[in-house]
Amino acid sequence: MIYLDNAATTKVSEEVFEVMKPYFCEQYANPSAIYSFAGKSMKAVNEAREQAAKLIGAASNEIYFTAGGSESDNWVIKTVCETYKNKGKHIITTKIEHHAILHTCQYMEKQGFEVTYLDVDEMGIVKMDDLKAAIRPDTILITIMAANNEIGTIQPLKEIGALAKEHKVLFHTDAVQAYGHIPMNVDEMNIDFLSASGHKLHAPKGIGLMYIRKGIKVGSYIHGGAQERSRRAGTLNTPGIVGFGEAIRIAGERMQENMAKEIELRDYLINRVLTEIPYSRLNGDPVKRLPGNAHFCFQFIEGESMLIMLDQKGICASSGSACTSGSLDPSHVLLAIGLPHEIAHGSLRLTMSEETTKEDIDTTVDELKVIIERLRAMSPLYEDFIKKQKN
Ligand SMILES: *Cc1c(COP(=O)(O)O)cnc(C)c1O
């Protein structure tokens, strides 16, 4: 099997699994308890919190563990709206956000809030002039993702953060794809809230975090016990947190090395596809993109058939949009960068990890060439196109 869907989820690394193990059957105490048996668990949780903070230049008491990226995204939008509704009821986001952001914004619209969904340019990057023009006296939150989960484009966070600060608007970034993969610093980028998730970083599913800048008033989303400084109730997911902490430590330590390796492979893959497969295009910015992300569209191809045929060859890939199964709507991200429906339908996302090899890439491209040729041979549209070319 060749796994090229690391933007959907990653393998829990052996190192991470090892450090988690004792927290199931041996060190199982509720970390909030008084006895020293529990103290060990709390100590491990706090060490993970320190790793999580250090990676983005934050303080450990600004990190709150959650059950994942979706929860963190919901938390910030819903509670900022609730806390600041007397100041204003306007939110700014983009058309290319993850559904955890988009659907939460739509929910807030039903509650009487107003949302501006910014367009992006053809590379998928927010236009700073548009953002500036969208800010109003009643704007309470700007939420713009750090890097896109489909096309991998990285946003100009520093510029966005500076603009938000200048206008005294809170700035949240969904950094689920970026955290631990590319350098980020909450002070340099003026980030007030940041969402991240474990399972995109070789930690388990169901653990995530939120960074909340010290001094910022915001309500809690999960009510109950006093965990996480009373801001996020619920017994701490000790094994998950410990595993996430280790994954973060490793990601920080190896970031430069992993980035260099993945960028080299990514550019090799992109180059092979664009030169060897006719009527193909790269989506997203060639340079301002996640190290492990390659995203293509192939004309005259139906994306789902391509994925099924890749699967038959043992290659796990994705069309990029979360709702591939069942839905025939093309991705909102591809439409936002201006692709027509018929081209957006033939999309393929290949996302690597530091374990991906050149051999994996070569096999994938070789198989892909055959698959695309075969699918086009069955396509009446392609046949028409070729006939017209000849005339
Ligand atoms: C995966 C992802 C999420 C959701 O995170 P979960 O931990 O799966 O809830 C949110 N935003 C982006 C950009 C993602 O890639």
Side-chain angles (χ1 to χ4, degrees), residues 3-12 16 52 56 63-78 93-107 117 120 124-126 142-155 157 160 172-182 184 191 193-211 221-222 232 234 237 240-241 243-245 247-248 251 283-284 288-295 316-325 331-334 336 349-353:
Y3 185 76
L4 291 174
D5 202 16
N6 286 282
T9 199
T10 59
K11 173 180 122 174
V12 173
V16 166
I56 50 172
I63 300 293
Y64 300 81
F65 290 110
T66 67
S70 300
E71 184 192 314
S72 300
D73 287 347
N74 272 262
W75 180 4
V76 63
I77 294 171
K78 289 175 182 169
T93 186
T94 78
K95 288 186 177 163
I96 63 163
E97 299 297 308
H98 189 273
H99 285 126
I101 295 288
L102 289 178
H103 291 170
T104 309
C105 283
Q106 286 162 15
Y107 171 77
Y117 300 91
V120 291
I125 294 175
V126 168
I142 295 171
T143 172
I144 295 179
M145 68 199 324
N148 185 264
N149 48 299
E150 293 189 29
I151 60 173
T153 300
I154 298 168
Q155 299 297 337
L157 293 184
I160 296 168
H172 166 250
T173 188
D174 173 343
V176 173
Q177 293 288 336
Y179 184 88
H181 293 277
I182 56 172
M184 289 192 77
I191 294 165
F193 306 98
L194 176 148
S195 311
S197 178
H199 76 99
K200 307 285 173 81
L201 197 68
H202 304 293
K205 294 151 188 68
I207 182 72
L209 65 79
M210 174 110 105
Y211 157 80
Y221 179 49
I222 306 288
R232 199 282 184 184
N237 172 1
I241 292 170
F244 195 11
I248 292 166
N283 299 311
K288 291 174 204 151
R289 78 183 301 131
L290 288 170
N293 175 295
H295 191 290
C316 304
S318 154
S319 67
S321 66
C323 35
T324 35
S325 48
S331 137
H332 65 287
V333 176
L334 297 182
R349 180 184 71 184
L350 301 172
T351 45
M352 292 157 270
S353 81

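A quick note: this is a predicted structure, and the numbers were derived from the prediction, not measured. Whatever order the structure lists them in is the order used to number ligands and atoms, beginning at 1.
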**Report entry** Residue list, ring-ring contact (aromatic ring centres under 6.0 Å, His included) with H199, at least two apart or on another chain
**Finding:**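 Here no residue qualifies.
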Query - Test item: C105 and Y117 side chains (from C-beta on) under 4.5 Å apart, heavy atoms - result: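 Of all side-chain heavy-atom pairs linking Y117 with C105, at least one is under 4.5 Å.
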Query raised in the report: With N149, which of K200, E97, H98 fulfils side-chain contact (heavy atoms from CB on, under 4.5 Å)?
Result: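 With N149 as partner, K200, E97, H98 yield a single side-chain contact (heavy atoms from CB on, under 4.5 Å), made by H98.
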Requested in this report: Taking all non-hydrogen atoms of both residues into account, name the closest pair between T66 and S72 and its distance.
Outcome: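 For T66 and S72, the tightest heavy-atom pair comes out as OG1-OG, 2.9 Å.
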Query raised in the report: Which heavy atom in G124 sits nearest to a heavy atom in Q155, and how many Å separate them?
Result: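 Taking every non-hydrogen atom into account, O-NE2, 2.8 Å.
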Query raised in the report: Under 6.0 Å from the NZ atom of K78, do we count more than 12 heavy atoms belonging to anything else shown?
Result: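 Yes - once you tally the heavy atoms of other residues, nucleotides and ligands closer than 6.0 Å, there are more than 12.
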**Report entry** Under 4.0 Å from ligand 1, counting heavy atoms only: the protein residues, by chain and number
**Finding:**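 Protein residues near ligand 1 are G68, G69, S70, D73, H98, M145, N149, D174, V176, Q177, S197, H199, K200.
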